[in-house]
Each structure stands twice: as structure tokens, then as C-alpha cells.
Amino acid sequence: MFVQVIQGQVTDAEQAHAALDRWMEELAPDATGWLGTTAGVTEDGRFVALARFESADAARRNSESPAQDKWWHEFTSVLTGDATFHDSEDVVLDVQGEPDSAGFVQVMQGQGSNPERARELMQRDSDKWAEFRPDVIGSVTALHDDGDYTMAIYFTSEAQAREGEKKEPPPELQAQMEELNSLASGEPTYFDLKQPWLYSPR
């Protein structure tokens with residue numbers, strides 16, 4: 001899988017949402033290899049999107065189409081500055097339910113000191129984590145160069161996510177969480193998408 005993370009500051013969240021809806025209607029049918037997009041705008045106007053493709057080649061072919069170029073040019077009119085892009089073919093998926101049904105998505109970005117160990121920990125005991133946190137219905141983690149990462153976590157709702165955060169994990173899961181935290185370099189940046197825009201091929 002290939003993930004492209006797109007970020008920027010928007011002037012109008014509704015205009016950005018309408019533009020992605022238009023992409024879904026007009027361009028998605030011809031976007032070969034596109035697997036889905038998670039996007040949204042935070043309360044302070046930060047836009048973030050994770051577009052998933054079967055491969056980097058599929059994403060490149062999509063970006064080179066004249067229709068995509070025209071759509072992107074129109075979309076940039078809602079940005080207050082330049083967009084930034086982070087690409088990754090090193091993707092970790094953990095799906096326990098139907099992410100497209102999520103009522104709340106939290107995107108985290110940060111840097112880790114040992115990506116290989118972090119990947120190993122993230123893939124361990126997924127059934128136990130699902131039992132402990134039934135409010136989490138999936139996650140997508142894109143690992144970038146130099147230990148940077150972008151992780152989208154899909155929750156049933158924000159209220160249930162906040163309740164889940166307060167729960168004390170069992171010792172085995174607590175140890176995993178502490179080791180993962182120990183691999184982090186500095187504090188992560190959070191994007192709370194209270195009204196996530198979730199798209200997938202029809």
C-alpha cells in the first residue's frame with residue numbers, strides 16, 4: 001500500500017469538504033488503484049488528508065491526469081499557503097471494524113527513534129487491544145523517512161474515545177504502550193477530526 005499525506009491551512013472547511021465531495025463524484029471512478037481517503041479540518045483550520053493507493057505507481061498515474069491537475073488547482077484556492085506532502089510505502093494497517101463508519105478520527109504526527117521496533121509493537125496483540133479498546137475500530141500508520149510517522153486512529157465517537165483514554169490497560173498492554181512512548185522523539189502533533197470525511201471506492 002502507498003499513502004500520501006496532504007496538509008495545509010484552509011480558509012473555509014465547508015469549501016474544502018465540497019471540493020473533496022466533487023473529487024469523489026467526478027474523479028474517483030477513474031482513479032485506478034485508489035483505495036480510500038480520510039480527511040478533515042481541525043477546529044483551528046488545519047486540513048489533513050491520507051489518500052491510500054495500491055502502489056506509488058497508481059498514485060503517480062492519478063496525479064498526472066489532466067482532470068486531477070485541474071481539480072488540485074481549484075482546491076488550492078481554499079488554502080492560505082502551500083500544501084505539504086509526505087509519501088510512504090511503509091504502511092501498517094490495523095482494522096478491527098469498519099473505519100468508514102468512524103465518528104471521530106485522530107491523526108498523530110511525530111518522530112520515533114526505532115521504526116522497526118515500533119512497527120513490531122504496533123502489530124502485536126491486536127486482538128487484546130481490540131478487547132480493551134472497543135471504541136477503536138482501526139488505524140493506518142504511514143512511516144516516513146528519518147523515523148517520522150503519520151497515524152490515523154478511527155474511533156466510534158469522540159465521547160467514547162475520551163472515555164477509552166481514561167481506562168487503565170492491563171499490565172502486558174501497559175508495557176507495550178510505555179515502550180512505544182519511550183521510542184518517541186518529542187511530543188506528537190495531534191489533528192482532531194471531529195467531523196471526519198471518509199471516502200472509499202463505491
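Heavy-atom basis, side chains included; hydrogens, waters and symmetry copies ignored.
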Inset, instruction - Ignoring hydrogens and angles, state whether a donor on the side chain of Trp129 or Gln176 is under 3.5 Å from an acceptor on the partner side chain. - result: yes
Inset, instruction - Start with the C-alpha distance between Gln109 and Gln7, add both sets of side-chain angles, then the distance that settles side chain to side chain donor-acceptor pair (under 3.5 Å), and finish with yes or no. - result: CA-CA 11 Å; Gln109 287 186 321; Gln7 294 168 244; 2.6 Å; yes
Inset, instruction - Take the angle between the ring planes of Trp71 and Phe75 and call it parallel below 30°, perpendicular above 60°, tilted in between. - result: parallel
Inset, instruction - Might you work through the side chain to side chain donor-acceptor pair (under 3.5 Å) test for Ser200 and Asp100, ending with a clear yes or no? - result: CA-CA 8 Å; Ser200 56; Asp100 278 355; 2.7 Å; yes
Legend entry - Mutual orientation of the aromatic rings belonging to Trp34 and Trp23 [parallel < 30°, tilted 30-60°, perpendicular > 60°]: perpendicular
Inset, instruction - Take Phe104 and Thr156 through the side-chain contact (heavy atoms from CB on, under 4.5 Å) test and state the conclusion after the steps. - result: CA-CA 6 Å; Phe104 174 65; Thr156 49; over 6 Å; no
Inset, instruction - Please assess Thr38 against Tyr154 for the test side chain to side chain donor-acceptor pair (under 3.5 Å), listing each intermediate value before the final yes or no. - result: CA-CA 10 Å; Thr38 297; Tyr154 300 78; 2.5 Å; yes
Inset, instruction - Can you measure from CG (Leu193) to CZ (Arg46) and round to the nearest 0.5 angstrom? - result: 9.0 Å
Inset, instruction - List the atom of Ser55, the atom of Phe2, and the distance in Å for their closest heavy-atom pair. - result: C-CB, 3.5 Å
Inset, instruction - Over all heavy atoms of both residues, which pair between Gln68 and Ser63 is shortest? Give the atoms and the distance, please. - result: CG-CA, 3.8 Å
Inset, instruction - Examine the side chains of Gln160 and Ser157 and answer whether a donor and an acceptor come within less than 3.5 Å of each other. - result: yes
Inset, instruction - Measure from the side-chain N and O atoms of Lys167 to the backbone N and O of Arg133, and report whether any donor-acceptor pair falls under 3.5 Å. - result: no
Inset, instruction - Start with the C-alpha distance between Leu121 and Glu179, add both sets of side-chain angles, then the distance that settles side-chain contact (heavy atoms from CB on, under 4.5 Å), and finish with yes or no. - result: CA-CA 8 Å; Leu121 289 167; Glu179 185 177 355; 3.7 Å; yes
Inset, instruction - Determine yes or no for a side-chain-to-main-chain donor-acceptor pair under 3.5 angstrom, with Gln9 supplying the side chain and Asp44 the backbone. - result: yes
Legend entry - Separation between CG of Asp94 and CD1 of Ile137, rounded to the nearest 0.5 Å: 11.5 Å
Inset, instruction - Evaluate the side-chain proximity of His86 to Gln4: yes if any heavy-atom separation is below 4.5 Å, no if none is. - result: no
Inset, instruction - Would you give the length of the straight line joining atom CG of Asp12 to atom OG1 of Thr80, rounded to the nearest 0.5 angstrom? - result: 12.0 Å
Legend entry - Residues Thr141, Val91; criterion side-chain contact (heavy atoms from CB on, under 4.5 Å); working and verdict: CA-CA 6 Å; Thr141 305; Val91 180; over 6 Å; no
Inset, instruction - Look at the side chain of Ser113 and the backbone N and O of Leu183, then say whether any donor-acceptor pair between them is shorter than 3.5 Å. - result: yes
Inset, instruction - State whether Arg162 and Asp192 are salt-bridged, where the test is any N-O pair (Lys NZ or Arg NE/NH1/NH2 against Asp/Glu carboxylate O) under 4.0 Å. - result: yes
Inset, instruction - Test side-chain contact (heavy atoms from CB on, under 4.5 Å) on Thr84 and Ile6 and set out the steps. - result: CA-CA 6 Å; Thr84 59; Ile6 308 158; over 6 Å; no
Legend entry - NZ/NE/NH1/NH2 to OD/OE distance under 4.0 Å, Glu120 and Arg124: yes
Legend entry - side chain to side chain donor-acceptor pair (under 3.5 Å) evaluation trace for Glu116 with Asn114: CA-CA 6 Å; Glu116 289 297 326; Asn114 189 337; over 6 Å; no
Legend entry - Exam field: side chain Ser88 to backbone Leu143, donor-acceptor pair closer than 3.5 Å: yes
Inset, instruction - Might you point out which heavy atoms bring Ala102 and Pro196 nearest each other, and give the distance in Å? - result: O-CG, 3.9 Å
Please list, one pair per line, the donor and acceptor atoms closer than 3.5 Å that link side chains of residues 168-175 to other protein atoms, with sequence neighbours excluded.
from	atom 1	to	atom 2	distance (Å)
Glu172	OE1	Lys128	NZ	3.0
Glu172	OE2	Lys128	NZ	3.3
Gln174	NE2	Glu178	OE2	2.9

Inset, instruction - Compare all side-chain heavy atoms of Leu35 with those of Glu54 and state whether any distance is below 4.5 angstrom. - result: yes
Inset, instruction - Spell out, as yes or no, whether a donor-acceptor pair under 3.5 Å connects the side chain of Thr11 to the backbone of Val78. - result: yes
Inset, instruction - Compare every heavy atom of Ala152 with every heavy atom of Val105, then report the nearest pair and how far apart it is. - result: CG1-CB, 4.3 Å
Inset, instruction - Measure the acute angle between the ring planes of Trp197 and Phe47, then classify it against the limits of 30° and 60° as parallel, tilted or perpendicular. - result: tilted
Inset, instruction - Provide the closest heavy-atom pair for Ala16 versus Val10 in the form atom of the first, atom of the second, distance. - result: CB-CG1, 4.4 Å
Legend entry - Sequence neighbours excluded, every pair satisfying salt bridge (charged side-chain N to carboxylate O under 4.0 Å, His left out) that has a member inside residues 64-73: Arg60-Glu64, Lys70-Glu74
Legend entry - His144 side chain to Thr150 side chain, donor-acceptor N/O pair below 3.5 angstrom: yes
Legend entry - Minimum heavy-atom distance between Ala49 and Ala39, given as atom pair plus value: CB-CB, 3.7 Å
Inset, instruction - Count the heavy atoms of every other residue, nucleotide or ligand shown that sit under 6.0 Å from CD of Glu165, and state whether that count exceeds 12. - result: yes
Inset, instruction - Could you grab the distance from atom CD1 of Ile153 to atom CD of Gln106, nearest 0.5 Å is fine? - result: 6.0 Å
